[in-house]
Number of protein chains: 2
Amino acid sequence: MLMSTIEHAISVSDLPAGEQVHALLHRAIVRMELLPGQRISENALAAEMSVSRTPIREALQRLERQGLVFVRPQRGTFVAPLNLQAIRSAYFIRLSLEKAVATEAARLRSAKDVERLEAAIAEQEGVLASRQREDFFDLNANFHRQLVVVSDLTGIAGVLDEARHHLDRVRLAHLDHAGPYPLAPIIEEHRAIVAAIAAQDVAAAEQLMHLHIEKVLPRYDLLKAKRPEFFALPGEITGPPGTRRPRNSLHR
Amino acid sequence: MLMSTIEHAISVSDLPAGEQVHALLHRAIVRMELLPGQRISENALAAEMSVSRTPIREALQRLERQGLVFVRPQRGTFVAPLNLQAIRSAYFIRLSLEKAVATEAARLRSAKDVERLEAAIAEQEGVLASRQREDFFDLNANFHRQLVVVSDLTGIAGVLDEARHHLDRVRLAHLDHAGPYPLAPIIEEHRAIVAAIAAQDVAAAEQLMHLHIEKVLPRYDLLKAKRPEFFALPGEITGPPGTRRPRNSLHR
DNA sequence: GCCTGTGCACTTGTATGCAAGTATGCATAT
DNA sequence: ATATGCATACTTGCATACAAGTGCACAGGC
């Protein structure tokens, strides 16, 4: 069921095989289509994607370093749980760096930059009602990446992306499994930030970004209450003893 | 010549082969023992370390993501130059995050934490005169990592390490190729930071850390004047046309 | 002397095969 | 019925072999 979408996606581009495998798994994990704890079989993936295990392993090693999967040698590779420490760290990184980015963007922005930021916000509004809500997170990422470009610090985009992905996993889990997750206020915050940047109001840009990022963290414990299995650590068993299911029940 | 030290190092531990290769190359690159632009041959490394190309490639891919090597398919793998954008980004990341870390450390520190930080500083003094100056950078890294632990944000240690490594490359190039690089003031700054943390003076800790980090960046252009070849981009030729040396002149 | 075309050695990317270790399920003994 | 030991199918880690592409060197023509 997972793989039907994969086969569709690979033929699109002719990037290195490992890149494509990574992009695919990364997207599926961040979107919570592959759930925490779920087994990822190198052999099965290689067969389904018609490549050898070599690029598969390359992709899995990347994902492990990003904290999205964990590999237990001779045992298996699994989607990483939502780790509280990883979430707190990602939040802290975003809070610190995005504030500084907003400051720099307010200092350096050109008129053209402001136009591009406003165009990005318009896109977000377009997707708000019509398309899949998962797509909103891609547009949100684009907006924040654009801010990085304006601040002339493109080298930090990778760090911010990785941090955001961890937080997006929590937000998207909310979308699917917990209560509503309103997107409209986020767009309003974006608009306010751009307004401050357009006015070159450094202090306001930083403060508004602070408030914007701040809203992400608190919801994690709500999700943990509803879906504790997403937070289970590698060795832990969530259910009472004896409920242990056969090894591949999650995978097949 | 390079490899004599390598053979010594590998037998010490029994970590996964790829880990060891990565640790070795990483250390050599950050210490500027492998110079920017220098070719890294997968085959030669595999032969010298008595492993196959598979773990070598695993290590090189990690290093590429860290910005320490660059791979040109079907052409070769090379030590990355000192990239201005990478340096600025690393500086920015350190400035933002370390300030926040200092703030949190000042809030959360226990008496035991202060003791450990002071012990780390004592170590730095010990190495100041006696041992190799390269070792100081390891102790400096330990100190900053310890601060991360105190601030209860161990998850961000990896990001800060990677940023610091880029800046350390510049500093170590100074040690070898440019003027003097005094280490004693750095220890004094560490001491002042710890004092502020011990006093739980949040504002002072943040400000002192700001000044501490700030000192790293400016020296880069001085080095660029003395050793422009360290900053040459992949395709660029530093000398005038016709001075192009045979392909392996850097390697053999 | 200078320019052009071809061959070869070398590069990384990918596929495949082997080795070491783990967990499951079945057979056996109590 | 319960517990124990073992065979087996699976996992990842590593080694090796092949494929595709690049650039230098050198031979030949001008």
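Below, chain A is the first sequence line, B the second, and so on; all start at residue 1.
- To the nearest angstrom, C1' of C:dT16 lies 12 Å from CG of A:Asn43.
- Applying the salt bridge (Lys or Arg N to Asp or Glu O under 4.0 Å) test to residues at least two apart or on different chains, the pairs with a partner in residues 59-71 of chain B are B:Glu19-B:Arg62.
- One interatomic measurement links the two molecules: CZ of B:Arg75 to C1' of C:dT11, which rounds to 11 Å at whole-angstrom precision.
- Here salt bridge (Lys or Arg N to Asp or Glu O under 4.0 Å) pairs that include residues 86-96 of chain A, with residues two or more places apart or in two chains, are A:Arg88-B:Asp152, A:Arg94-A:Glu98.
- A salt bridge does not link B:Asp221 with B:Lys226: none of the charged nitrogens is closer than 4.0 Å to a carboxylate oxygen.
- Of the listed residues (B:Gln61, B:His22, B:His166, B:His165), just one forms a side-chain hydrogen bond (donor to acceptor under 3.5 Å, both in side chains) with B:Gln66, and that residue is B:His22.
- The pair A:Asp138-A:Arg145 does not meet the salt-bridge criterion, since no charged nitrogen lies less than 4.0 angstrom from a carboxylate oxygen.
- A sub-4.0 Å separation between OP1 or OP2 of C:dT11 and a side-chain N or O of B:Thr77 is absent.
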Polar atoms only, N or O, under 3.5 Å: list the protein pairs with nucleotides 13-16 of chain D and their distances.
residue	atom	partner	partner atom	Å
D:dG13	OP2	A:Arg57	NH1	2.6
D:dG13	OP2	A:Arg57	NH2	2.7
D:dG13	N7	A:Arg53	NH2	3.3
D:dG13	O6	A:Arg53	NH1	3.3
D:dC14	OP1	B:Ala17	N	2.9
D:dA15	OP2	B:Ser52	N	2.7
D:dA15	OP2	B:Ser52	OG	2.9
D:dA15	N7	B:Thr54	OG1	2.8

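- One interatomic measurement links the two molecules: CZ of A:Arg39 to P of C:dT22, which rounds to 14 Å at whole-angstrom precision.
- Note: CD1 (B:Ile56) to C1' (C:dG13) measures 16 Å, nearest angstrom.
- Salt-bridge formation is detected for the pair A:Arg227/A:Glu229: a Lys NZ or Arg NE/NH1/NH2 atom is positioned less than 4.0 Å from an Asp or Glu carboxylate oxygen.
- Between D:dT11 and A:Ser41, a contact under 4.0 Å exists linking OP1 or OP2 to a side-chain N or O.
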